[in-house]
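Throughout, a chain's letter reflects where its sequence line sits, starting with A, and its residues are numbered from 1.
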Amino acid sequence: AAEAKDPVVFAAASLKNALDAINAQWKAETAKQATVSYAASSALAKQIESGAPADIFISADLDWMDYLAKKDLIKPDSRVTLLGNRIVLIAPKDSPVKIDIGPGFDLAKALGDGRLAMGDTSAVPAGKYGKAALEKLGAWAGVEKKIAQAESVRAALLLVSRGEAPLGIVYATDAAADPQVKIVGTFPENSHPPILYPIALTKDSSHPDATAFLAYLQSGKARPLFEKEGFTVLSKPVTQ
Amino acid sequence: MSWLELSPAEWTAVHLSLKVSFWAMLASLPFGIIVALLLARGRFWGHSLLNGIVHLPLVLPPVVTGFLLLILFGRRGPIGAFLDQYFGIVFSFRWTGAALACAVMAFPLMVRSIRLSIEAVDTRLEVAAGTLGANPVWVFVTVTLPLILPGIIAGMVIAFAKAMGEFGATITFVSNIPGETQTLSAAIYTFTQVPGGDAGAMRLTIVAVVIAMAALLLSEVLARGVARRIAAA
Amino acid sequence: MSWLELSPAEWTAVHLSLKVSFWAMLASLPFGIIVALLLARGRFWGHSLLNGIVHLPLVLPPVVTGFLLLILFGRRGPIGAFLDQYFGIVFSFRWTGAALACAVMAFPLMVRSIRLSIEAVDTRLEVAAGTLGANPVWVFVTVTLPLILPGIIAGMVIAFAKAMGEFGATITFVSNIPGETQTLSAAIYTFTQVPGGDAGAMRLTIVAVVIAMAALLLSEVLARGVARRIAAA
Amino acid sequence: MSIDIDVTHRFGAFRLAARFTGGAGVTALFGRSGSGKTSLINIIGGLLRPDRGRVVIDGVTLVDTDRGIFVPKHRRRLGYVFQEARLFPHMSVRRNLLYGRGFVPAGERVAVEPIVAMLGIGHLLERRPAGLSGGEKQRVAIGRALLASPRLLLMDEPLAALDESRKGEILPYIERLRDEMRLPIVYVSHSVAEVARLATTLVVLNAGEVAAAGPAAEVMQRLDLSPLTGPEGTGAVIDGTVAAQDERYGLTLVATPAGELRIPSVAKPVGAPVRLHIRARDVMLADRRPEGLSALNIIAGVIAEIGSPVGAAVEIRLDCQGVPLVARLTRLSLDRLGLAPGRTVFAVVKAVSFLPEEPGKREGSAADAAD
Amino acid sequence: MSIDIDVTHRFGAFRLAARFTGGAGVTALFGRSGSGKTSLINIIGGLLRPDRGRVVIDGVTLVDTDRGIFVPKHRRRLGYVFQEARLFPHMSVRRNLLYGRGFVPAGERVAVEPIVAMLGIGHLLERRPAGLSGGEKQRVAIGRALLASPRLLLMDEPLAALDESRKGEILPYIERLRDEMRLPIVYVSHSVAEVARLATTLVVLNAGEVAAAGPAAEVMQRLDLSPLTGPEGTGAVIDGTVAAQDERYGLTLVATPAGELRIPSVAKPVGAPVRLHIRARDVMLADRRPEGLSALNIIAGVIAEIGSPVGAAVEIRLDCQGVPLVARLTRLSLDRLGLAPGRTVFAVVKAVSFLPEEPGKREGSAADAAD
Ligand SMILES: Nc1ncnc2c1ncn2[C@@H]1O[C@H](COP(=O)(O)OP(=O)(O)OP(=O)(O)O)[C@@H](O)[C@H]1O
Ligand SMILES: Nc1ncnc2c1ncn2[C@@H]1O[C@H](COP(=O)(O)OP(=O)(O)OP(=O)(O)O)[C@@H](O)[C@H]1O
Ligand code: MOO
Ligand SMILES: [Mg+2]
Ligand SMILES: [Mg+2]
C-alpha cells in the first residue's frame, strides 16, 4: 500500500512543522507529495533495519544515520548533512534571570534549588549536545545532579514554560516557537559537536520520486521554510 | 470553534484509528476467549506461565513491546517472514501491523474481563446442556458463550478503548505513516513533538475522548440489555 | 552471563521502580475502592461520566496524560499549587510524582477489578450484619471488604504490573532523573534510544519481567488462599 | 411486650395492607407463597421501608411514616434469622456468633456459654461456616442473633431450607427460646405443623391482607380458613399440663379440660405445660364409645359446627368441655352417622398421631449433646 | 427395559458401593441426606465417572471400567431433571424446550404439542425462565428433558425445592410420564410420600450401600427399614383397580384383594389401576369389627409380624388376603388388646387419610388447564 503511491520519508519528529510546509509546497508545484512518518530517530532507524518501506531517512543526529550506514542500509552517495541547529538556554518569560554563557559560567547558582530541564542526556540528541556543551564550559559538575531529563526536547520545553524548571536547554527552533519562554543565551557553536540533521536515501529505495524530493529538500525553495522554523540550512543548494 | 475542525489528514487518522481499533478488538477476540477459557478452566502445567505471558504487554514499556513485535513480526522477523511466505500476511508498516500492536497491548485487559465472566458461569447449566445431548463444543456455543456475553462486551470495549490510546508499541513497530499506520494517538504524539502543536494535540485528544466515551456508554447500554436478558433464572 | 549483572545505577532504577509501583498501588487503593463502590452500587446522575473519566488514562496516549498531569499537578498547576501551599505535597521531579503518574495510569485497571468483585458480593450478608447492629461503615469494613479481598488483590497486582510498565506519562510529568524519577521502564526506554543499547534494554527488560511474573504468581497464590477462606458458606 | 403493626406497601400489582398486634411468645405469620410474609417481617426488621404506616414494638415507635420516623435496622435491636443462614463465610463460627455482641451496651450483654450450650454448637466454634450442615448453620445463625441481645427475634422460614430430620433438630431450640428465654418471636412459616407447635399468636395472611389474627388455638380451629391453610392445615391446638409419666410404655399423660390424653413421652416434669396439635385428618368420630380399639384417646364432645364440604370431605368442630377439636370426615360418614350440631359424639385419636412425635424424643438427646 | 448397576466410588471417607437392577416404571432411590443418591444417579447420567463398575441400560453398556467403556453424557440419551430446574436463562421457554430435540435423529423425535399440553405450559412458551414460579420452572425442565427423547429419565429430587402445593402440582405429571408415556424413570427422593406414590421398584440407600431393593410394595412394608425411612416411612402400598365412582359423595371405590376400599375420588375410569399408600400411623386396629365409627374402611387381616418397639410405638404387619398392611400402635395398646402373631384383627383406615388426597383433585384441574 504505502510503497504504491508516494515516496515515504522517515523523519525525526522535531522536523514536522518544516517538513509539512515543504511537502505542501512541493505538492502545489509538482502535484506529487511525500508521505512522512515522524517518530523518534531510534525507532525509525530500527524500522528501516527491519525492512520498513522508507525511501528517505532524516535523522536528528549523526549516530542513528551512522548506525544504518554501518549496516549498509543507506545509499552512501546520497547522504547529505542537510540542517544545523543551535541549543539555547531558556527560562520562563517572566524570569528575571540573566546569565552570560561562557567558560566557567555559574549555572548552578542561577538554578538555585530548581532543576535544569533538558532532553535525556543519553537518549535525546538535544540532551546529548547540552551535556557536551556544559562539560566543555565547565558547568556540568555543578548541575549534574539537578538535571531533569525529559523524554523529548518538547517535554523539556514544556517543563520550563510551565514554570516547573527555572531553566532549560532546548533547540533554538523550539524556543522560538513558544511565547511562554525566553532565550537567556545561546551556547557557543564550538562548545558542543555540531548539531546536524543528516539525510539519505535508503538502500532499498526504488520510488522514482524519492530522489526528486531529496533534491527539493536541498533546494532554495525549501530553504526559507527550514529557516522559518529556526534551522540552519547547511547543504549547498541543489538546482533541479 | 474553527480550530476544532479537522484537516483531511486528521480525518484520515480518525478513520484509521477506528479501523485499527475495531480490527484489533475483533481479531483478538477469538484468541482472548480461548486464552480466558484456558486460564479460567484449564488445569495444566504452564497455567501460571501462560498467565504471565498474557500480562507481559502490560508490564513492559510499550516501546519494548514494539521492538519485540518488530523483531518477531517484521518482514525479516521469524514469524513475520513465515506468515508472509506461506499466507501472504504482512504486518510491517501496514495498518494491519498497527492493529496487531494494539491487539497485543489490549490483550491482557480483554482476557481479564472474559476470564472473570467465565469464572462466574454456573457450570451446572453446561452439565444440563450436556445431558440434553449437546457435545462440549455446542454447549460452549449455545450456553457458555451467551452467558459470558456481558464479559465479552466489556472486554471488547476496554480493548477498543486501549487500542484507541495505544501508540508506544504501534509507532515503534509500524512507524507513523499517514494514511497507513498513523493513528489518532500517533498523530497526537507527533503534535506534541513540535512547537505550536498544542492546539492540534488538544483537538485530536478531544476527538479521541469523545469516541472512547461513546464506546464506553454503548458498552454499558449493551451490557445492561444483555444482563436483563440473561437475569438469573 | 556477566551482561546480566546490573550496574549500581540500574539497581537504583529497579529499587525505585519497586518503590514507585508499590506506592502507586497502595495510595490509589482507597480511591480505587471508593470509586469502584460508587460505580458498582451508586445510582446517581454522573455515573456514566465518572466511569468515562476513570477510563480516560486508558484511552489517551500516555504522553497526553503526562501533559495533563503536568498542567494540573505541576508546581504552578491549580491542584499542584494548592497541595504545595496547604499540605506541602510536591510532585514535580519527585518520585512521588512518578507514583502519581503510575497510579493514574493504573487506576482504570484497579477500579475494574474491584468493581467486578463488589458486584459479586452477596448483599444479603451485608443486610444480615446490619440486623446484628453494625452500622453501614462497620458492615463495609467487616463484611464487604473481606469478601472483595480477592478482587482487591487482583486489582492491586494488575495496578502494580501496569505501574512497572508505565513510562510515557511518568517521563512527561516528572522527567527522567536517575535516583529520583528514573524507573526501570524509563531506563529501558533510554537504552532503546541509543545505538547499541539493545543489550542493556534486554537486561532490564528481563528484570522487569521477572518482577512482574513474581507479583502475578504471588497474587494467584494469595487469591487462592483467600478464596478458600471465604468459600461460599 | 407488645407488637403493634399497621402498614401498607405496594410492589407493582401486589399490595400489602396489614394491621395486627402481637404479644409475648411466638407471633406466627402464616400464609401461602407470595402472600406478603417476608415483606411484612422485613418492614418490622427495617429491611424495607413501608409506603405508609406504623411499627411499634414494646411502645417504641420504629416506623411512623406520618411523623417521618424510620429507625435504621442496625439501631432496632431486633434479631433476624433468615431462611438461608447468611453466616459470614470469612469468619469462624465463634466470630460469627460474637459479631453482634460488640454493639450491645456492656450491661445488657447475654452470656455466651449458655446459648452455645443450649444450641449444642460448642464443638463447632473454631470451624468455618462452609463446612457445616444445614441444620448446624441454622443453629449458629440463631445463636448469632441471640447474642446481639435482641428485644424481639424475627425468623423468616428458618427451617424451610432444611430436610425433615434437620427441621426436627431445630424446632426444640426455638421452643426453648420461647419458653426458657421468654424471647418474643415473630415467626414466618407456611408449614402448619411448625405454626401449630410454636405459635402463641397466629396471623394468617392472604394476598397481602390479614385474613385472621388472634390466639393460635382459636385461629387454627376456624373451619373457614381451611382453603388458606390447606387440607393438612385445620386442626386443634390444645394446651395442657403433664399429669404423669408412664415409663413402662413410654407415654406421657397430659391433663386437659377435655380429659386426660396419652401421647408418646415428652421429657418434661409433671405440671409442665404441653401443647398438643391434633390435626383434623387424624380424628375419627363415633356415635358410641368404641370398644376394643387400639386408639388410646377417646374424647366425648358436642358437635358445635359443621363446615362446608370440600370434595369428599367435610370438617366438623367439636366442643369437648370447652376444648375445641376438629375432625375431617367424608360426607358419606357424616350422613351415615347422621351427625348434626348439638349431638354428642366420641372423638378417637391415636396416641402415635400426635405431632410432634419425634421431636419430643430428639429434644432429650439434643439436650444431652449440649451438656 | 432394564437397568443394571454395579458400581463403587469413593469420595474421601465416603464410599459408595451399590448394586441393583431396575426395570420399567419408576425406580426410586431413597435414603437420607448424604447416603449417595445423587452420586449414584450422576454415575448413571454420566456426570460422574465411577472408580469401578458397570452401568447397563437396556442391554447397552454405558460404563464398564474393566473394559474401559465410558459413554459421555451427551451420547447417553438419558433425560436428567435436576433439583434446581437449571433452565437456560438466556433462552425463552420455547427454546429451552427445543434445546435437546435437535440432537435426536429425525425419526425418533417426539411431538412437541402433546408434551406441552400434558405439562400445561403452553401459555409460557414465549416467557423467560426468570419470571416463572418454581413449579412452572420444574415443569419446563421436565418438558425439556422429555423432548430430548430420552430412553430413561433421571430425576434428582425434582420437587425438593418446591413448597407443598407446588409439589402437588407436579406429581401428577410424573405419574403420567410413568403411566401414559411409559417412560422408565430413576427417581431420587427422601420423601416417603413421593416414593410411595411413584415407585415401582424401590432402592433404599444407607451410607452408600443398598440396604434394600425390590418392588416398592414389598420394600415399603419391611418393618426393619423403619429406622431408615423414619417414623412416617413405613406403610403399605396396595395396588387395586377402580371398581366404581360414587359421584354423590365424591368417593371412589377401589377393588383390592383385601376387599373394597373407599377413597376420595380419583378421576380415573372404572377398571383403571390405582395405587394406595396406607401409612402405618394412619391404621388403627380393633379386636372386633367396630360399629358406629366414622371410618369408612375396615379390613380384616391376620397379624403376620410384630416389629421391635421404637419408643412408645411398635409396628405390626398384617396379612389381609395376601395384601400387606402395616399399623403403628403404642405398646400399651398392643398389650391391652393382647395382640400376637396369628390373631385376626380389624384394621380401621379413614377415607380422608389416603395419600394423595389433594393431587387427585388437582390432577383434574391441571389437566383442564392444559387443554
Ligand atoms: N423487591 C420486590 N420487588 C417487587 N415485588 C416484590 C418484591 N419483594 C416482594 N415482591 C412481591 O410481593 C409479593 C409478596 O412477596 P413476599 O416475599 O413478601 O411473600 P412471602 O409471603 O414471603 O412468600 P414466600 O412464602 O414465597 O417467601 C410477591 O408477589 C412478590 O412478588
Ligand atoms: N464432589 C464431591 N467431593 C467430595 N465428596 C462428595 C462429592 N460429592 C458428594 N460427596 C460426598 O458423598 C456423599 C454422598 O453425597 P450425595 O450427594 O450422593 O448424597 P445424597 O444422597 O444425594 O444427599 P442429599 O439427599 O443431601 O442430596 C456425601 O458424604 C458427600 O459429602
Ligand atoms: O501501556 Mo501505555 O503506557 O498506556 O501505551
Ligand atoms: Mg418469604
Ligand atoms: Mg442429592
Between B/L116, B/I53, B/I158, B/I211, which has the largest tally of heavy atom pairs under 4.5 Å with chain C? B/I158

Can you check side chain to side chain contact (heavy atoms under 4.5 Å, CB included) on B/L50 and B/L39, steps first, answer last? CA-CA 8 Å; B/L50 177 63; B/L39 289 177; 3.9 Å; yes

Residue selection (most heavy-atom pairs with chain C, distance under 4.5 Å) from B/N51, B/T65, B/T172, B/L217: B/N51

Among C/S21, C/G52, C/A106, which residue forms the greatest number of heavy-atom pairs with chain B at distances under 4.5 Å? C/G52

Per-residue contact mode, C/L184 against chain B (heavy atom under 4.5 angstrom): neither

By the definition side-chain contact (heavy atoms from CB on, under 4.5 Å), identify the one residue from B/I171, B/T170, B/T183 that meets it with B/Y189. B/I171

Using non-hydrogen atoms and a 4.5 Å limit, figure out which bit of C/A154 sits close to chain B: side chain, backbone, both or neither. both

Counting only non-hydrogen atoms closer than 4.5 Å, does C/F160 touch chain B with its backbone (N, CA, C, O), its side chain (CB onward), both, or neither? neither

Between C/S117 and chain B, with a heavy-atom cut-off of 4.5 Å, which part of the residue counts as in contact: side chain, backbone, both or neither? neither

Contact class of C/V64 relative to chain B, heavy atoms under 4.5 angstrom: side chain

Closest approach of B/P108 to B/H55 (non-hydrogen atoms, all atoms of both residues): CB-CA, 4.1 Å

What option among B/P61, B/A120, B/A201 has the most heavy-atom pairs under 4.5 Å with chain C? B/P61

Ring geometry between B/F91 and B/F73 (parallel below 30°, tilted from 30 to 60°, perpendicular above 60°): perpendicular

For the NE2 atom on B/H15, are there more than 12 heavy atoms of other groups (residues, nucleotides or ligands in this structure) within a distance under 6.0 Å? no

Hey, which of C/V104, C/L72, C/L69 is the one that makes side-chain contact (heavy atoms from CB on, under 4.5 Å) with C/F173? C/L69

Looking only at the side chains, is there a donor atom on one of B/N176 and B/T181 sitting less than 3.5 Å from an acceptor on the other? no

